[in-house]
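To start, the structure itself, in structure tokens.
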Amino acid sequence: MIPVSNDVFEKVMELAKRRGFIWPTSECYGSVAGFIDYGPLGAMMKRRIENIWREFYVIQEGYYEIECPTIAQEAVFIASGHVSGFADKMCQCPHCKEYLRADHVAEAGGINNASILKNEVLSSALAHCNCLACGEVLGNVEVFGFNLMFKTRIGPGSQRIGYLRPETAQGMFVDFARLLRFYRDKLPFGAVQIGKSFRNEISPRQGMIRLREFTQAEAEIFVHPSCKNCHPMFSRYADYTIPLLTYTQQQKCEPPVLISMQEAVAKGVIANEYVAYYVALTHELLARIGIKPDRLRFRQHLPDERAHYAADCWDAEIFSERFGWVETVGIADRTNYDLTAHGDASGTPLTVFIQYDEPKKVPRRRIIPNMSVLGKQYRTKAKAIFGQLANATPTPSGADVEVDGEMIHIPADLFEVRDEIVDIRGEDIVPHVIEPSYGIDRMCYAVLEQAYDEDTAEEETRVVMRLLPWVAPVHVAVFPLMARDELDTIAAEITRVLHKSGILAEYDDSGAIGRRYRRQDEIGTPFTITVDYETKETHTVTVRDRDSMKQVRIPVVKVPETITALVNGSLKFSSMT
RNA sequence: GCAUCGAUGGUCUAGUGGUAUGACUUAGGCCUUCCAAGCCUAUAGCCCGGGUUCAAUUCCCGGUCGAUGCACCA
């Protein structure tokens with residue numbers, strides 16, 4: 001197998017396809033751009049990466065995972081702004097047939113705020129603008145919205161509109177009231193979700209980097225607006241130092257600077273402790289799945305790049321040989337935008353009642369009407385008067401209230417004014433949301449690309465996927481040196497014992513031993529156990545390390561615990577020799 | 001979506017208006033006491049649809065997928 005191309009992307013995707021990591025979807029019908037299948041090894045590796053993500057967010061952070069439908073009713077996305085905002089206004093140049101962003105053309109033609117104009121208005125405004133591609137005057141063009149959400153109908157014959165979610169986040173926002181109860185009405189708390197999201201990309205390319213259906217792992221952390229600088233576990237990452245590319249540095253074309261999270265928050269480089277905490281956590285997580293630190297950077301969104309409601313946003317970018325810096329994780333402070341929007345639209349206040357340490361003593365004037373007189377005198381209007389009176393400003397002669405547009409004077413003897421001191425025990429606040437959002441597919445690609453390696457062994461090119469042991473789909477392979485003389489039955493028995501320990505072990509006795517090692521190297525299996533003739537004498541086997549190709553001999557009875565320790569990282573192969 | 005180029009076993013490829021070459025891989029067998037050795041055998045392919053033609057993998061048109069450029073990219 002001599003790879004012809006020097007492009008790592010092509011090499012790694014060819015390997016991924018051939019070995020069963022990633023396949024084009026529904027290939028027998030010709031595939032569809034923007035959709036991929038994860039094959040047996042890819043699905044396993046993806047699941048391992050997702051589980052590492054869970055170790056961080058669910059186990060370490062204590063944010064439970066929920067699972068919402070991938071389809072939601074239209075109201076959800078109207079409130080979130082996706083129905084109106086997740087669409088591009090486009091037009092087609094009648095001369096060169098180029099598709100253009102209509103608002104961009106208009107802005108270039110001197111029309112301000114083009115993106116908020118109605119399609120028809122924008123269309124006529126464009127008539128005198130020049131095509132950005134061919135320069136011709138556009139003339140009569142139609143402006144149409146291209147919404148990136150997949151639209152569908154819910155139920156037979158129903159007019160009820162649904163959309164495939166473009167992000168998992170909305171599910172966690174609309175479940176806020178339930179989540180708040182689950183976490184016993186206290187901030188901060190978080191909910192996470194790993195699942196599919198859908199965007200009908202105009203032109204998906206670049207293999208698995210831009211997909212129309214992709215897996216997101218998102219956390220929504222709900223915090224008190226005035227407690228964004230008091231993350232309870234901030235000390236964990238306070239001294240964690242990573243290279244940050246702030247927006248001012250980007251504007252000056254300066255390189256990233258190494259800075260600790262504590263310092264970054266203190267200097268205002270990162271907006272608050274929460275964002276800084278998850279920037280650092282993300283760095284640790286990505287390193288854990290095998291991203292090399294020198295190919296990882298954190299870039300702050302430029303002020304005009306981030307969503308209008310976001311207070312701060314940082315992208316974790318991974319360097320790809322093929323695609324350059326690829327945004328893989330976004331960590332945003334979404335403020336109270338989402339909860340306010342859904343609270344307003346749904347009529348369910350998405351707020352938390354925060355109790356004060358001490359009830360506040362607040363003077364209050366209550367107006368208590370004498371209803372028995374009021375009722376007799378004003379009859380059907382009495383109830384409305386009662387309501388209005390509570391907000392009225394009484395004078396010694398009485399109070400004026402407005403009912404159905406009519407001013408009514410209520411004499412002072414029909415109500416009692418009582419000034420009292422009341423206890424205000426707390427207030428309703430809308431929490432702010434800190435959102436780390438991970439593109440799992442991009443992480444998978446980056447892991448594959450960075451793991452791909454070729455070295456020379458026995459004057460042959462050896463293709464090795466240097467996947468970390470806890471990410472590799474197959475943990476260990478078990479080989480009998482020869483498929484005879486009981487070596488095969490011993491090896492099969494060892495495989496069985498490993499399976500009982502929850503280890504994914506693959507037995508293989510076909511062909512020459514060297515070929516079997518190469519096969520496992522190519523799919524990234526970190527360790528190999530070989531049963532040889534000495535096994536029958538001494539009850540020991542060799543453990544071979546994929547990266548060094550070195551072997552050490554251990555007792556058969558120690559195989560499960562040794563492999564378990566090697567795979568979870570608590571034992572290093574280099575320390576066994 | 002537009003433009004240009006491309007698509008032959010699992011992979012890499014040769015080639016052709018009369019259904020196809022070689023290598024590697026895979027499977028079975030022989031051999032083999034630790035890194036893709038050797039021998040025998042087998043499996044497996046012209047992206048899809050339409051047109052021209054007696055005959056299309058080959059020529060033409062359309063589509064799909066991929067690469068590149070444009071455009072797009074919460």
Side-chain angles (χ1 to χ4, degrees), chain A residues 1-5 7 9-11 13-15 17-20 23-35 80-82 85-93 95-105 131-134 146 148 166-167 169 197 199-207 209-211 216 301 305-310 313 315 322 326-327 330 332 334 337 435 437 439 457-464 479-485 487 510-522 528-536 541-542 544 546 549-551 553:
Chain A
M1 195 63 44
I2 299 136
V4 173
S5 165
D7 187 332
F9 168 78
E10 279 180 24
K11 287 184 188 181
M13 290 316 284
E14 189 274 315
L15 186 150
K17 213 192 288 185
R18 186 161 42 80
R19 287 305 198 182
W23 293 324
T25 194
S26 58
E27 224 179 342
C28 67
Y29 286 103
S31 302
V32 188
F35 297 93
S80 71
H82 285 93
F86 203 56
D88 293 330
K89 289 185 193 300
M90 300 194 63
C91 64
Q92 187 181 20
C93 172
H95 311 289
C96 66
K97 309 294 180 199
E98 193 74 84
Y99 278 86
L100 304 156
R101 276 284 293 270
D103 49 336
H104 288 188
V105 178
C131 172
L132 295 176
C134 68
F146 181 77
L148 264 28
E167 58 176 15
S197 294
R199 294 179 189 179
N200 200 0
E201 296 286 351
I202 296 166
S203 174
R205 291 223 191 142
Q206 312 169 325
I209 299 290
R210 283 189 71 198
L211 295 169
Q216 284 187 309
H301 276 203
E305 181 182 4
R306 63 181 184 233
H308 64 277
Y309 50 80
C313 187
D315 280 345
R322 173 57 165 273
V326 177
E327 313 171 17
R334 298 178 68 132
Y337 176 85
E435 179 195 73
S437 172
E458 309 286 314
E459 297 182 9
E460 294 252 12
T461 300
R462 181 173 81 117
V463 174
V464 199
F479 302 158
L481 188 58
M482 294 294 144
R484 63 179 191 217
D485 301 327
L487 300 188
S510 80
I513 189 86
R515 181 188 300 274
R516 284 179 265 161
Y517 286 139
R518 291 290 185 275
R519 259 204 288 265
Q520 296 298 331
D521 289 343
E522 213 180 27
T528 314
I529 302 230
T530 306
V531 174
D532 58 14
Y533 285 91
E534 214 179 311
T535 305
K536 294 173 75 174
V541 291
T542 61
R544 176 220 189 234
R546 174 197 68 206
M549 296 171 69
K550 287 189 178 139
Q551 290 177 292
R553 191 162 274 279

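A note on names: the letters A, B, ... follow the listed sequences, proteins ahead of strands, and every chain is numbered from 1.
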Considering Watson-Crick and G-U wobble pairs with both distances under 3.5 Å, what does [N] pair with?
N: B/C59; answer: B/G51
N: B/U4; answer: B/A67
N: B/U16; answer: none
N: B/C72; answer: none
N: B/A37; answer: none
N: B/U11; answer: B/A23
N: B/U32; answer: none
N: B/C46; answer: none

Please report the distance separating the [atom1] of [N] from the corresponding atom of [M], rounded so that it comes out in whole Å.
N: B/G49; M: B/U64; atom1: C1'; result: 10 Å
N: B/A56; M: B/C61; atom1: C1'; result: 14 Å
N: B/U13; M: B/C46; atom1: C1'; result: 13 Å
N: B/G45; M: B/U25; atom1: C1'; result: 14 Å
N: B/A67; M: B/U8; atom1: P; result: 15 Å
N: B/G9; M: B/A42; atom1: C1'; result: 14 Å
N: B/A23; M: B/C31; atom1: C1'; result: 23 Å
N: B/C47; M: B/U57; atom1: P; result: 9 Å

Please determine, for the side chain of [X], which listed nucleotide ([options]) has the closest atom?
X: A/Ser510; options: B/U11, B/A27, B/C35; result: B/A27
X: A/Tyr517; options: B/U33, B/C34, B/U11; result: B/C34
X: A/Arg519; options: B/C35, B/A27, B/U33; result: B/A27
X: A/Arg553; options: B/A74, B/C35, B/C34; result: B/C34
X: A/Met482; options: B/U33, B/C35, B/C65; result: B/U33
X: A/Arg484; options: B/C34, B/U33, B/U11; result: B/U33

[X] side-chain N/O to [Y] backbone N/O, donor-acceptor pair under 3.5 Å:
X: A/Arg546; Y: A/Asp521; value: no
X: A/Arg18; Y: A/Met13; value: no
X: A/Arg516; Y: A/Gly511; value: yes

Measure the distance from [atom1] on [X] to [atom2] on [N] and round it to the nearest whole Å.
X: A/Met13; N: B/A7; atom1: CE; atom2: P; result: 21 Å
X: A/Asp7; N: B/G6; atom1: CG; atom2: P; result: 20 Å
X: A/Arg210; N: B/A74; atom1: CZ; atom2: C1'; result: 12 Å
X: A/Tyr533; N: B/U33; atom1: OH; atom2: P; result: 7 Å
X: A/Asp485; N: B/U33; atom1: CG; atom2: P; result: 10 Å
X: A/Phe35; N: B/U64; atom1: CZ; atom2: C1'; result: 14 Å
X: A/Asn200; N: B/C72; atom1: CG; atom2: C1'; result: 13 Å
X: A/Glu522; N: B/G10; atom1: CD; atom2: P; result: 17 Å

Can a side chain N or O of A/Arg515 be found less than 4.0 Å away from OP1 or OP2 on B/U26?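 Result: yes.
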Is there a side-chain contact between A/Arg199 and the phosphate of B/A74, meaning an N or O under 4.0 Å from OP1 or OP2?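 Negative; the distance criterion is not met.
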Do A/Glu460 and A/Arg518 meet the salt-bridge criterion of a basic N to acidic O distance under 4.0 Å?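 Judged by the 4.0 Å cut-off on N to carboxylate O distance, A/Arg518 and A/Glu460 do not form a salt bridge.
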Could A/Glu167 and A/Arg334 be called an ion pair, given the rule that one side-chain N must be under 4.0 Å from one carboxylate O?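 The answer is yes: the pair qualifies as a salt bridge.
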Students often get this wrong, so: under 4.0 angstrom with heavy atoms, is [X] touching a base, only sugar-phosphate, or nothing?
X: A/Leu481; result: base
X: A/His301; result: nothing
X: A/Arg322; result: sugar-phosphate
X: A/Gln551; result: base

So does A/Arg544 reach the base of B/C35 with its side chain, donor to acceptor, closer than 3.5 Å?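 By the distance-only test, yes, there is a pair.
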Base B/C47 paired with A/Ser31 side chain (donor-acceptor, <3.5 Å):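 Looking at the base of B/C47, it does not pair with any donor or acceptor on the side chain of A/Ser31 (distance under 3.5 Å).
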Please report the closest heavy-atom contact between A/Lys17 and A/Trp23, naming both atoms and the distance.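 Looking at all heavy atoms of both residues, the shortest contact is O-NE1, 2.9 Å.
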Contact nearer the 5' end of RNA chain B, comparing A/Lys550 with A/Ala483: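 The residue mapped nearer the 5' terminus is A/Ala483.
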For A/Arg19 and for A/Pro24, locate the closest nucleotide of RNA chain B by heavy-atom distance; then report the residue assigned to the nucleotide nearer the 5' terminus.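 Nearest nucleotide further toward 5': that of A/Arg19.
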Between A/Thr535 and A/Arg553, does any side-chain donor sit less than 3.5 Å from a side-chain acceptor?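 Their side chains do not contain a donor-acceptor pair, so the 3.5 Å distance test is not met.
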Ignoring hydrogens and angles, state whether a donor on the side chain of A/Gln216 or A/Ser197 is under 3.5 Å from an acceptor on the partner side chain.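 Side-chain D/A pair, A/Gln216 to A/Ser197: present.
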For B/U19, does the glycosidic angle fall within 90° of 0 (syn) or outside that (anti)?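 Here B/U19 takes the syn form, which means its glycosidic angle is within 90° of 0.
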Might you confirm whether atom NZ of A/Lys550 has over 12 heavy atoms from other residues, nucleotides or ligands at distances under 6.0 Å?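 Not more than 12 within 6.0 Å, no.
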